[in-house]
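On a predicted model such as this, the values are computed, not experimentally measured, just so you know. Each chain gets a letter, A, B and so on, in the order its sequence line appears, and its residues count up from 1.
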Amino acid sequence: MEFAELIKTPRVDGVVLHRPFMPTVEGTLCLTGHHLILSSRQDNTEELWLLHANIDSIEKRFVGSLGTIIVKCKDLRVIQLDIPGMEECLNIASSIEALSTLDSVSLMYPFFYRPLFEVIEDGWQLFVPEEAFKDLESMVLFYPWNETTLFGLPKEDEEDNIALWSAESAFTVDEAVMMRAAQPLTGTNGRRCKEDEKLINATLCAGKRGYIIDTRTIAVAQQAKTRGGGFEQEANYPQWRRIHKAIERSNVLQDSLIKLVEACNDQSHSMDRWLSKLEASNWQSKVKEILTTACLAAQCIDREGASVLVHGTEGTDSTLQVTSLAQIILDPACRTIRGFEVLIEREWLQAGHPFQQRCAQSAYSNGKPRSEAPVFLLFLDCVWQILRQFPCSFQFNENLLIMFFEHAYASQFGTFLGNCVAERVKLQLSQKTVSLWSWVNRPQELERFLNPLYEPNNLVIWPSVAPQSLLLWEGVFLRWNRSTKCLDEACQEMVHIIEYNKELQNKVNSLRRQLAQLETEDSPLQTP
Amino acid sequence: MYHDTKKYFCTLMSCTEVWWSEMEHIRMPKVENVRLVDRSSSRRTQVGTLYLTATHTIFVGKGSEDRSELWVLHSLVCDVLKHKASQNGYPLIIHCKNFQVIQFIIPQESDWHNVYISLSRLSRPEKYEELYCFSFNPNVDKAEREHSWDFLDLKAEYSRMGLPNKLWHVTAINREYRVCDTYPADLFVPKSVTLPVIIGSSKFRSRGRFPTLSYYCKENHATICRSSQPLSGFSARCLEDEQMLQAIMKSNPGSRFMYVVDTRPKLNAMANRAAGKGYENEDNYCNIKFQFIGIENIHVMRNSQQKLIEVSALRSPSMGEFLMGLENSDWLRHIKSIMEAGIFISKAVAEEGVSVLVHCSDGWDRTAQVCSVASVLLDPYYRTLKGLMVLIEKDWVSFGHKFSHRCGHLDGEAKEVSPVIDQFLECVWQLMEQFPCYFEYNEKFLISIHNHVYSCHYGNFICNSQKERKDLCIKEKTHSIWPHLWENKLDFMNPLFKPDQSQNQGLLRPRTAPYCFKYWRRLYNRFDRELHPRQSELDCLMTVKEETQQLEEALALYEQKLAVLDKERAKTLYMQKGVLESKQALWSSPLDTSLANTPQDYIGGFIGGAPNVFTLQQGERESAELCLFGDKPKSSDADNSDQESGVADFSSHSSGEESLPSEDSVKDPDSDETGPNRA
């Protein structure tokens with residue numbers, strides 16, 4: 001298929017762009033296969049480049065012959081284009097609609113994107129699973145694993161979807177591991193699987209205990225039995241204790257996000273309305289639930305020295321939220337930029353979180369949700385909450401989290417395409433697209449994501465999960481509804497304070513060295 | 001530490017007659033084996049001795065080495081409640097005006113009752129003389145005390161604004177408080193206004209509070225004036241009052257009209273007309289634009305804050321409960337309405353150059369709030385430490401905000417109590433959140449002021465008017481808070497403040513979308529340590545800045561030395577080595593490692609240690625039936641470290657003090673977030 005077929009009107013003059021907190025821009029609107037571009041005739045004003053893939057939905061309005069298209073993006077931005085001419089407007093709108101909902105993955109922008117920077121470190125080669133699990137080598141030997149079980153992740157397949165993560169020795173917890181899985185397929189008649197029991201029980205040494213954290217409530221887990229799923233019977237897994245936590249299923253999340261964003265965009269200026277909508281969206285409750293469960297998992301490992309197995313239904317959504325957050329709490333390495341990338345690569349991409357399905361639509365989608373759900377965004381929100389509570393313990397700042405959110409939903413890079421490793425291999429992403437990591441890890445880009453207050457902290461960091469302590473993530477949800485001038489100023493000032501301090505420190509140190517040198521040169525004279 | 005307590009008793013014994021009169025109320029000076037329960041986790045309790053003194057309730061923990069202490073000022077106690085007795089003993093809950101909640105469990109019923117009766121009486125003083133500020137005696141001489149009252153000078157503040165000038169002057173009419181006994185002695189009025197006009201106008205205003213100047217804008221001569229409501233009823237007029245407003249309008253030569261802002265909801269103002277009060281009729285006054293703003297009255301605000309406090313004190317609430325509670329309290333809606341009123345006035349003054357007269361009913365609650373919020377928005381000076389002190393001294397203290405009534409300093413009308421000044425401080429906090437670089441002070445400063453408004457530790461916020469304070473000889477008998485805060489200003493500085501910024505000089509234009517208003521956790525959950533970020537950006541930056549200053553000094557020193565060395569290299573030189581070892585991780589020190597390393601009850605405390613009854617009741621049914629490892633012999637590390645951190649906390653505020661404990665609180669009674677137990 002040619003994109004040209006979809007683009008009925010490639011270019012319109014005299015289009016006016018309205019964006020909140022920015023001056024309006026008049027210019028020429030161009031549609032390309034992957035971008036909506038608006039450039040003004042003045043050279044100095046910036047151009048708008050919007051990926052079609054970033055467009056969540058559009059609305060058209062007409063006043064006389066002046067058409068207006070309201071473009072709602074997956075990164076939650078809303079812009080307005082005034083287009084003279086009804087026909088032009090209709091053409092543009094239908095083109096955008098078609099181009100933003102392409103079905104075929106191979107038509108996505110990453111397959112066409114050629115980087116304007118030199119790829120120094122190829123992100124596709126950066127995180128190989130063996131590397132990510134290298135601390136575990138000795139343990140992995142115990143298990144009948146091979147490459148395929150690690151990669152293959154077939155859905156609903158009992159326990160194949162296992163990954164291991166070890167508590168590092170720094171936590172003084174010996175031999176505690178965190179594992180994730182999908183639900184066991186016990187069904188209503190209580191099927192057993194000797195191999196599964198053996199595998200699960202084998203992870204524990206004699207006399208050790210483990211916890212199975214089921215992210216569903218007991219009622220939901222019971223219901224799952226009727227569909228062939230279920231949970232571990234304690235009799236069959238004697239060393240394990242099961243805990244149920246109530247993280248809701250991903251389909252409810254989408255609704256929650258839609259309501260939250262609607263509340264944030266509410267123009268009524270009524271306090272009651274805002275708070276009741278915020279409450280009704282349930283988003284903050286979900287943040288609390290997930291953080292609580294992650295803390296619990298971390299607590300079992302750190303405080304009890306027990307192993308933990310986390311699963312929900314499929315082990316590709318809430319399970320990943322819990323295991324990855326627990327690692328951020330426990331492991332200082334995950335709080336560095338590189339470590340966080342490794343975490344996303346291992347706990348999300350390789351663990352088979354279906355990014356493509358989950359991020360197909362965002363908060364402005366009109367249609368009935370299929371498998372869309374902001375599971376990853378919710379995880380990032382939880383990370384942000386911990387970051388807020390420990391502002392000195394993370395190497396990165398919230399910009400990195402926001403960037404991941406953007407790229408998970410629309411990107412020029414291939415990293416978040418596909419739903420699992422198998423799909424990605426089939427799509428030949430590593431040959432045909434550029435990895436997000438190749439771009440992020442360039443020193444020029446990294447600078448933007450560095451937290452000036454970072455001071456490595458080897459402790460386990462226990463966040464507060466009280467409602468008073470959890471905040472709305474304004475950087476994402478109110479990002480386009482506020483001017484960041486004052487906040488940017490504060491950030492700059494912070495960087496300035498710290499840089500000035502470092503500069504002085506260097507100066508003082510070098511002067512001191514000079515003085516010491518002079519002193520030693522002089523000292524023979526002084527002490528005859 | 002126990003030593004301190006003993007010394008304190010001795011001093012007090014020898015001290016005053018107040019002591020003896022108060023002693024009568026103390027049925028039970030000392031109770032042994034009392035347990036202090038940590039609100040965040042009932043597992044953490046301390047056993048110790050409870051002392052009741054004339055001024056404080058003191059709990060001394062029974063640790064071996066590091067005795068922990070908790071001091072609660074009686075004047076900060078809001079109410080004392082007996083809870084249902086359990087097998088553990090008899091619980092007594094103390095709610096404080098600074099939002100601290102303390103729970104003691106007393107072993108004997110008779111002691112329980114006696115402590116309750118004593119505390120109930122002690123926390124409700126009947127006479128001003130019983131208040132702590134009259135017995136508080138830091139180690140300073142008379143001259144120093146008098147000097148402390150000169151720290152702020154309102155005359156200087158008016159002259160900073162550019163007054164008096166050719167249009168405005170001080171009137172001597174209220175020198176003896178005869179025209180208006182709730183106003184200050186010195187008042188600014190237009191020069192063109194004659195004495196009969198002032199008197200006539202005052203007779204036409206509630207409580208004689210005639211229109212007078214609150215803020216003057218040098219740049220464009222626009223003013224904010226304040227008064228009480230006119231006694232207009234349905235049709236009454238007063239020529240002098242009309243002339244007064246006309247004179248105010250004319251004292252702003254650039255403008256052709258003025259705003260009259262009634263901060264009440266229209267309905268309330270109309271209801272007042274039936275009582276012969278009311279609001280200005282636009283037809284009778286020349287060139288005024290009349291405006292209602294709709295801030296609710298003190299009773300609504302009191303109830304609203306009560307609800308908010310209940311929400312903030314919920315034990316492990318769900319997100320839904322918390323947000324619903326926040327919404328139902330309506331608190332943030334009220335804050336928003338006060339802010340919007342301030343914005344309206346500040347814009348009128350700065351952007352339109354139009355003068356504004358503000359009033360409510362009596363002109364000492366909403367009017368004070370709105371005038372001072374507008375001033376903070378208008379004038380960068382009020383965003384400095386000294387400026388905020390001056391503003392409170394001017395708009396609140398001197399203009400007769402009824403601190404004694406509103407804060408409930410004395411036992412009396414509960415209906416007079418209202419968190420009016422809390423709301424002003426919160427508006428400033430909300431602004432600080434929106435403009436992180438524009439305020440010289442940080443939120444600790446606001447919290448500290450809040451604490452002292454209620455503590456009765458200093459004389460500033462005692463009584464309801466300047467006249468009352470003069471009659472009581474407050475300046476002779478008590479100390480002023482302001483120099484004390486000024487001495488501790490390092491704790492109150494905002495490291496991000498950029499004083500020399502051009503945008504900083506002008507008007508603040510805050511956003512008022514509902515989501516711009518946030519719950520003030522640091523105030524309402526001030527004593528719930530585990531709810532606050534475990535690392536503070538502010539503290540880190542302050543540490544870095546302090547270090548930077550030392551580095552600057554070191555740099556100068558080294559440069560000097562180097563210059564000297566270069567000159568006379570062979571000469572003997574005293575080397576000061578290691579003045580500043582370049583320390584790594586200097587700013588990571590504010591991390592409270594004990595806290596960071598302490599998990600909360602994420603599943604209701606069943607992991608390690610006894611199950612927590614409270615949390616289990618609260619709907620963790622699934623977990624209850626799976627109560628894990630209750631049999632586990634080793635109580636988890638979590639528990640131990642919790643207790644350690646608790647102890648560290650208790651002892652933090654009085655470690656190694658040799659002087660009177662009361663002096664300890666002079667030094668740093670509340671600004672220290674890590675040792676908040678001293679009240």
Worksheet entry | Derivation and outcome, side chain to side chain contact (heavy atoms under 4.5 Å, CB included), residues A/I497 and B/L496 | CA-CA 8 Å; A/I497 289 171; B/L496 296 174; 4.2 Å; yes

Item to complete: Applying side chain to side chain contact (heavy atoms under 4.5 Å, CB included), run through A/S464 and B/E530 and close with a yes or a no.
Response: CA-CA 7 Å; A/S464 163; B/E530 70 289 345; 5.8 Å; no

Item to complete: Would you sort out whether B/L562 and A/L518 count as a side chain to side chain contact (heavy atoms under 4.5 Å, CB included), showing the intermediate values?
Response: CA-CA 9 Å; B/L562 213 56; A/L518 284 176; 3.6 Å; yes

Worksheet entry | From CA spacing to verdict: side chain to side chain contact (heavy atoms under 4.5 Å, CB included), A/M494, B/L541 | CA-CA 7 Å; A/M494 205 183 290; B/L541 289 171; 3.6 Å; yes

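B/E552 meets the side-chain hydrogen bond (donor to acceptor under 3.5 Å, both in side chains) test with A/Y500; sequence neighbours excluded.
Side-chain polar atoms of A/Q468 and B/S312 form no donor-acceptor pair below 3.5 angstrom.
When atom types are taken as modelled, the side chain of A/S469 and the backbone of B/H532 share no donor-acceptor pair closer than 3.5 angstrom. In this structure, the side chain of B/Q535 engages the main chain of A/C392 through a donor-acceptor pair within 3.5 Å.
Taking CZ of A/R512 as the start and CG of B/L557 as the end, the distance is 11.5 Å to the nearest 0.5 Å. How far OH of B/Y515 is from CG of A/N481: 4.0 Å, rounded to the nearest 0.5 Å. The structure places CG of A/L515 at 7.0 Å from OH of B/Y558, a figure rounded to the nearest 0.5 Å. B/F517 contributes atom CZ, which lies 5.5 Å from atom CE of A/M271 (distance to the nearest 0.5 angstrom). B/C516 SG to A/W274 CH2: the interatomic distance, rounded to the nearest 0.5 Å, is 9.5 Å. Atoms CD and CG, from B/E433 and A/L487 in turn, are 9.5 Å apart once rounded to the nearest 0.5 Å.
Neither the backbone nor the side chain of A/R273 comes within less than 4.5 Å of any heavy atom in chain B. For a residue to count as touching a neighbouring chain, one of its non-hydrogen atoms must lie under 4.5 Å from one of that chain's; by this rule B/Y519 touches chain A with the side chain only. Interface residue B/D330: only side-chain heavy atoms are found under 4.5 Å from chain A. Only the backbone of A/S270 comes within contact range of chain B, with heavy atoms under 4.5 Å apart. Contacts between A/L478 and chain B at a heavy-atom distance below 4.5 Å involve the side chain alone, from C-beta outward. Both the backbone and the side chain of A/K507 come within contact range of chain B, with heavy atoms under 4.5 Å apart. If you measure heavy-atom distances from A/D266 to chain B, you find no contacts under 4.5 Å at all.
For the options A/T293, A/V465, A/L291, heavy-atom pairs under 4.5 Å to chain B are most numerous at A/V465. Taking chain A as the reference chain and counting heavy-atom pairs below 4.5 Å, the highest number among B/M319, B/R511, B/E321, B/Q434 is found for B/M319. Listed options B/L326, B/L323, B/V311 were ranked by heavy-atom pairs under 4.5 angstrom with chain A; first place goes to B/L323. In terms of non-hydrogen atom pairs under 4.5 Å with chain B, the most contact-rich of A/S483, A/P463, A/A280, A/A466 is A/P463.
Near-neighbour residues of residues 331-339 of chain B relative to chain A, defined by a heavy atom under 4.5 Å from a heavy atom of that chain, comprise B/L332, B/R333, B/K336.
Under the side chain to side chain donor-acceptor pair (under 3.5 Å) rule, A/N501 has a single partner from B/K545, B/E547, B/Q549, which is B/E547.
By the 4.0 Å N-to-carboxylate-O rule, A/E474 lies close enough to B/K518 to be salt-bridged with it. Ion pairing between A/R388 and B/E537 holds under the 4.0 Å rule for side-chain N and carboxylate O.
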